[in-house]
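Written out below as structure tokens is the structure these notes cover.
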Amino acid sequence: MIAKEIVEGIGPIEGVAALEVAGGYINARLDRGLYGRSAVAPDSSAVAARPGKIIVEHTNINPNKAAHIGHLRNAVLGDTFIRILRASGHQVEAQNYIDNTGVQVADVVVGFHFLEKKSPAEVAELARTTRFDYVCWDLYARVGTYYAEHPNAVEWRKATLHEIEAGHGDLNEIGHIVADAIVECHLATMRRLGITYDVLPRESEILHLEFWAAAFELLKEREAIYLETEGKNAGCWVMPGSSFDENKEEEDSKVIVRSNGTVTYVGKDIAYQMWKFGLLGKDFHYALLKEYADGHKIYVSTTEPSEHEPAFGKGTQVYNVIDSRQSYLQDVVVAGLRQLGFTEQAEKSVHFSYEMVALTPRTCAELGLELSEEDKQRSYVEMSGRKGLGVKADDLIDKLIETAQKEVDPRHPEAPAEERRAVAEAIATGALRYFLLKFTRNTVIAFDFQEALSFEGDTGPYVQYAAVRARKILSKLVEQGGELPDFSEALPAAALSRQLADDGLWQLLLAISKIGKAIDGAVNSGEPAHVARYAFQLAQSFNNFYHAYPVLTEENAEKRALLLWMTGYFREQLEQTLTVLGISVPVYM
RNA sequence: GCGCCCAUAGCUCAGCUGGAUAGAGCGUCUGGCUACGAACCAGAAGGUCGGGUGUUCGAAUCACUCUGGGCGCACCA
């Protein structure tokens, strides 16, 4: 009733062909010719640059062992979100924090020095000649079991941490050899997936440049923390529980400085978060760590100035890609900023959280890992670096390439081996990135080899395949001596109106033109999975089109022009979407 | 004990700020390759959205509650 009155009273709208009443709803039918025309001959599609700089910190792997699939989820989420932000016009800085002086590195040092009795020179030799991140992976697990059996061995860790902090001695030297070598391994692993960084801020510089001291003074001055005089935390500087959770009381206070005067992890993190916003009053110096063939440079923090050092930090918004298990600590960090009076920055601090990657019992069995009866009943089992329980990133990538190669080789026996290898790599990394992105962030991924190695259905290769098919149609056209018409001439609004009366084609056009919406949605919700989902739907629409509308054999000239234009438009939009996802399109499949 | 998260088809997951007959993929069953290459497509079967109460014209979506899972809650990082 009301709907009918509205329809009758509203009058004609530009671009809308008809309004219909349907069971209390009003359906607007777009003018297909006009809509199509705006896609064939767009006015201007440049994305406007946005003010400010967004810092996205991700990866952050302890440099003491090989990266595993949990780390990959972090890095792929972070890297993709960066690409999404950049696609929507933001200036973004990719940071990867390196804790090269922490307990995890110290434990591997303990392994080399106390268990294996190796000198720094011998460790350096190992780093050069072996699959070092794998060696450390095993050693770290060994140290873990050793601690469990010899509780006193924790003294070794203490001694090691002490030397590393003081900055001298064999233990310190081994620590830096290990951390530097493992960082190189991680960078190489991530590079295989197209992931890179702008700057690597390291804990060693945070320590030597005394970032903490500056933050400590400010925290005391603004009374964000106080010296506890009684109870279990007597002698410690603590942040009251009420600062980060209104339901908390004094007894839930968080220790920031221990009674022995050393700072806790959270305290250091507050100082670091302040630096990211340019609030600390201190800064790093930088050195060029590496430069890739494509010109991309990665800088690393240093204590001494060098020539031509770029400026990092001073962000207006900060995303910390950290798994959801650390949400409590992230809350404390943000509360620290707020208590210091930096309310704006506190609001611009986003814990970009995601659930862990666990393993299915079946995958554990395939890896030869023994599980308790209890674990076998679970739907997934948590990974543990300390126990050496996990799937190494490079092993998984290798396995994916191997699997892809088995599909590629028989399809293209005549192609050069090198080219087939490149195709297999594109498929493997596309499959992996897509697999990690298709789940929304707060879904626990129960990793399963069979599922991850699949190239059919809702997978990266499915999407790549659609893109390859679109390219193939266009290249076949040229091969047959044809050429692309000038669509702006060949497809005036009237022609589009005629051709788009076909619902199948109209639906495809609607699907293709929604990329901007998908990206905006992903930015607003912080959900890269939206873009992955859009890519899949787009590929589905195209595969459908591919079967329903033979392009090159179409005899009606106007329709053929439309089909060719659609193919090209699809190809363009899908490739753009895949680029945002960090997935490349192989030359053939 | 307190806090956060999750529960949707046999399995794995979507479902954005509540809106029309709840969607994919896998698996199962039927069909489709002398081809713009089937890593594909078409079709079928399969769900009282964990239970309950409430708010609303309207709830998978919001609130409360119960049940069953997961993860946190150190002078560890």
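Letters A, B, ... are given to chains in the order of the sequence lines, protein chains preceding strands, and every chain is numbered from 1. The structure displayed is predicted, hence computed values, not measured ones.
The separation of U21(B) from C49(B), taken at their P atoms, amounts to 15 Å, rounded to a whole angstrom. On the C1' atoms, C4(B) is 40 Å away from A45(B), given to the nearest whole Å. Of the P atoms belonging to A14(B) and G31(B), the separation is 34 Å, rounded to the nearest Å. Between U28(B) and G68(B), the distance separating the two C1' atoms is 29 Å to the nearest Å. Separating the P atom of G52(B) from that of U67(B) is a span of 15 Å, rounded to the nearest Å.
Taking the six-membered ring for Trp and thresholds of 30 and 60 degrees, Phe536(A) and Tyr462(A) have ring planes inclined between 30 and 60 degrees apart.
Among residues two or more places apart in sequence or in another chain, the side-chain hydrogen bond (donor to acceptor under 3.5 Å, both in side chains) test is passed with Arg471(A) by Glu575(A). Contacts of Ala467(A) classified as side-chain contact (heavy atoms from CB on, under 4.5 Å), with partners at least two apart in sequence or in another chain: Leu574(A), Leu578(A), Val585(A). In this structure, the side-chain hydrogen bond (donor to acceptor under 3.5 Å, both in side chains) partners of Ser204(A), at least two apart in sequence or on a different chain, are Asn100(A). Evaluation of the side-chain contact (heavy atoms from CB on, under 4.5 Å) rule for Ala141(A) yields no partner, not counting sequence neighbours. With sequence neighbours excluded, the residues satisfying side-chain hydrogen bond (donor to acceptor under 3.5 Å, both in side chains) with Asp107(A) are Tyr147(A), Arg157(A), Arg386(A). Lys476(A) pairs by the salt bridge (charged side-chain N to carboxylate O under 4.0 Å, His left out) definition with nothing, not counting sequence neighbours. Residues satisfying the side-chain contact (heavy atoms from CB on, under 4.5 Å) criterion with Glu366(A), sequence neighbours excluded, are Arg362(A), Phe449(A).
Glu527(A) comes within contact range of no nucleotide atom at all, as no heavy-atom separation falls under 4.0 Å. Within the nucleic acid shown, Ser327(A) has no heavy atom closer than 4.0 Å to any nucleic acid atom.
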What string of B, S and - do you get for nucleotides 27-37 of chain B, 5' to 3', when a contact is any protein heavy atom under 4.0 Å? -----B---BB
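Of all nucleotides listed (C6(B), G72(B), A77(B)), G72(B) comes nearest to the side chain of Arg325(A). Closest approach to the Asp99(A) side chain among G72(B), C75(B), A77(B) is made by A77(B) (side chain taken as heavy atoms from C-beta onward). When distances run from any side-chain atom of Val408(A) to the nucleotides A39(B), C71(B), C41(B), the shortest one goes to A39(B). Closest contact between the side chain of Asp458(A) and the listed nucleotides C75(B), G25(B), C73(B) involves G25(B). Listed nucleotides A77(B), C6(B), A39(B) differ in distance to Val103(A); the shortest reach to its side chain belongs to A77(B). For Pro461(A), taking side-chain heavy atoms from C-beta onward, the closest of the listed nucleotides C73(B), A14(B), A39(B) is A39(B). Relative to the side chain of Arg533(A), the nucleotides A14(B), A77(B), C40(B) differ in distance, and A14(B) lies closest. For Phe536(A), taking side-chain heavy atoms from C-beta onward, the closest of the listed nucleotides A39(B), G70(B), A24(B) is A24(B).
Along RNA chain B, the nucleotide nearest to Asn544(A) and the one nearest to Asn442(A) differ in position, and the one closer to the 5' end is contacted by Asn442(A). Each of Gln540(A) and Ala234(A) lies near RNA chain B, and the nucleotide nearest Gln540(A) is the one positioned closer to the 5' end.
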Considering only nitrogen or oxygen atoms on both sides, find all protein atoms under 3.5 Å from nucleotides 9-12 of chain B and state each distance.
unit_1 : atom_1 : unit_2    : atom_2 : d
U12(B) : O2'    : Glu451(A) : OE2    : 3.3

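For Thr567(A) (side chain) and Leu563(A) (main-chain N/O), a donor-acceptor pair under 3.5 Å exists by modelled atom type.
Searching all strands for a Watson-Crick or G-U wobble partner of G58(B) with both distances below 3.5 Å returns nothing. Nucleotide G3(B) has C71(B) as its partner under the Watson-Crick or G-U criteria, with both atom distances under 3.5 Å. Summarising the base pairing, G27(B) is matched to no nucleotide, lacking a Watson-Crick or G-U wobble pair whose two defining distances lie under 3.5 Å. Across the strands present, A35(B) finds no partner; the criterion is a Watson-Crick or G-U wobble pair with both atom distances under 3.5 angstrom. Nucleotide C64(B) forms a Watson-Crick or G-U wobble pair with G52(B), both donor-acceptor distances falling under 3.5 Å.
A 4.5 Å side-chain heavy-atom check between Tyr549(A) and Glu554(A) finds every atom pair outside the cut-off.
In this structure, Gln326(A) places its CD atom 14 Å from P of A74(B), rounding to the nearest Å. Note: NZ (Lys268(A)) to P (C75(B)) measures 15 Å, nearest angstrom.
With Tyr546(A) as the aromatic partner, Arg469(A) meets the cation-pi criteria of under 6.0 angstrom to the ring centre and within 45 degrees of the ring axis.
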